[in-house]
2 protein chains.
Amino acid sequence: MSNDSIFGFLTFNSFTMRKKEGNKEEDILKASIEVFAQSGFYDAKISKIAELANVSIGSIYVYYKNKDDILNKIFEKIWGSLYNNLDSLVNRSDLTMVEKYDAMIDMIFDTFTENSATAIVIAHEQQRLLLRNKESFTEYYDKFVGLGEKIVKEGIKKKIFNPNIDVNIFRHFLLGAFRDLITSWAVVPDEFPLNLVRRNIKFLSKYGILNHNQE
Amino acid sequence: MSNDSIFGFLTFNSFTMRKKEGNKEEDILKASIEVFAQSGFYDAKISKIAELANVSIGSIYVYYKNKDDILNKIFEKIWGSLYNNLDSLVNRSDLTMVEKYDAMIDMIFDTFTENSATAIVIAHEQQRLLLRNKESFTEYYDKFVGLGEKIVKEGIKKKIFNPNIDVNIFRHFLLGAFRDLITSWAVVPDEFPLNLVRRNIKFLSKYGILNHNQE
DNA sequence: AATAATTTTGAGCAATGATTCAATATTCGG
DNA sequence: CCGAATATTGAATCATTGCTCAAAATTATT
């Protein structure tokens, strides 16, 4: 009974506790991302996910409540990651506002291109989920957006960004543009060389928001 | 036999031809747009559409081959309308390039805001349909995009627009931004006053593409 | 009014695919 | 190797809903 401890009451009945093999939970999530990206949420078959994850159908329901739950976990994970990355960026004082803005774009860009299947899933399903789940469908998504707006507002206060721009509208403008471009890239990568897309997003969005270019 | 004429061979067997009442075909389309916008294509029930259109379930299948067919007709109609409007704009020689560009934005904006439910349907389903139907899912959509690119290219040739911008990327940038903003407006109109959205789209997109603002 | 043609109807068929759960397999401490 | 606890399985269940089609209703013609 080597697992005994004075804090034993805090642990799950820890002896005769069988360890789960491999990491089915993660395998299922990865497979789901692929299948959702390929077929869209509604045409995605649980059986196909099970097959791809090398797991039985029943196992899926051990780790996830249902099909929707899988989708939610996918969002939770990617927006959590984006939030954390943006969080460590937002308070850096060694960057100018423009550098910070560029870094934000790079960060979003990198995250999505490194997870292109997830990007497709988000591009396809997020709008619908936001509607269904009117109030905050993901804690992290809201936090992420909050941080993004913070950067833009800071830029406005420092008169680097155009104060006539509505921050909320700019947010949708940028994320919307992002979404279409990332999806297009993920579907036909050859038509959308990454460097080109990144450069264009930066240029187009920046010179729409910089004070620079006022009449 | 008052319907007889020397062109009688051109008419359908015109006697004993019963006229259909009202306009079920259109009623069904309108109801579908509402239901699709409300619930999304997959959660939309044919029975609900029938109810809203004041029509029996069976009638729907007289006018449309199946559920997908209805969606296609919705796209065909809105993109056809957009194409026609843009077509009469593209060759006008009484406008400067900037005026023409602004008019294009206004035209898209007006069409979508006058048909906000359709706008939501497009925002939600188009990506998926484009994927599924890789090659040209709507004749009019492709034509519309072609005209849009023509305007931008003309602007570039006249050195009004920045020649370093990739036209294809700019197209996705603009339409993507549009999509998110129109959807957001349609869902929570109070948070997105139309005039403000329109002005911001124009400003943000223009000053990203005008030669004006180069460093 | 009778007939014929067309339109409308909606209960029920059929297919689909998410989810369940009783049975089986695996692991672990002893 | 045993027994207890946990993990895995996938055939069977169950609910859902798109779509069909035989019957009923409507309209036009004579």
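Sequence lines set the chain letters: A, B, ... in the order given, protein chains first and strands last, and positions in each chain run from 1.
If you measure from atom OH of A/Tyr61 to atom P of D/dA11, you get 16 Å, rounded to the nearest angstrom. Between the CD1 atom of B/Ile28 and the C1' atom of C/dT8 there is a distance of 11 Å, rounded to whole Å. Here the P atom of nucleotide D/dT17 and the CG atom of B/Asp68 are 16 Å apart, to the nearest Å. As rounded to whole Å, 13 Å separates atom P of C/dA18 from atom CG of A/Leu71. Note: OH (B/Tyr42) to P (C/dG17) measures 11 Å, nearest angstrom. As a whole-Å value, the separation of A/Ile49 CD1 from C/dA18 C1' is 11 Å. D/dT20 atom P lies 16 Å from atom OH of B/Tyr64, rounded to whole Å. Note: CG (B/Asp27) to C1' (C/dT7) measures 15 Å, nearest angstrom.
With the nearest nucleotide of DNA chain C identified for both A/Ala44 and B/Ile60, B/Ile60 has the one nearer the 5' end. Nearest-nucleotide assignment on DNA chain C puts the 5′-proximal partner with B/Gly58, out of B/Gly58 and A/Asp43.
You'll find that the side chain of A/Tyr63 is closest to D/dT8, out of C/dT8, D/dT8, C/dA18. Here the side chain of A/Lys24 is nearest to one of C/dA11, C/dA18, D/dT9, namely D/dT9. Listed nucleotides D/dG18, C/dT8, D/dT8 differ in distance to B/Ser56; the shortest reach to its side chain belongs to C/dT8. Taking every side-chain heavy atom of A/Ile57 into account, D/dA11 is the closest of C/dG10, D/dA11, C/dA18. Nearest nucleotide to the B/Asn66 side chain, out of D/dC19, C/dT8, D/dT17: D/dC19.
A salt bridge (charged side-chain N to carboxylate O under 4.0 Å, His left out) check over residues 71-86 of chain B, counting only residues at least two apart or in different chains, returns the pairs B/Asp69-B/Lys73.
In this structure, B/Tyr207 has its ring center no closer than 6.0 Å to that of A/Tyr207. With ring centers used as reference points, B/Phe161 lies 6.0 Å or more from B/Phe170.
Between the side chains of A/Asp43 and B/Tyr42, at least one donor N or O lies within less than 3.5 Å of an accepting N or O.
When heavy atoms are screened at a 4.0 angstrom cut-off, B/Ile46 is found touching the sugar-phosphate backbone but no base atom.
Dashed line: the shortest gap from a side-chain N or O of A/Ser59 to OP1 or OP2 of D/dT9 is under 4.0 Å.
The pair A/Glu154-A/Lys150 does not count as a salt bridge, with every side-chain nitrogen at least 4.0 angstrom from each carboxylate oxygen.
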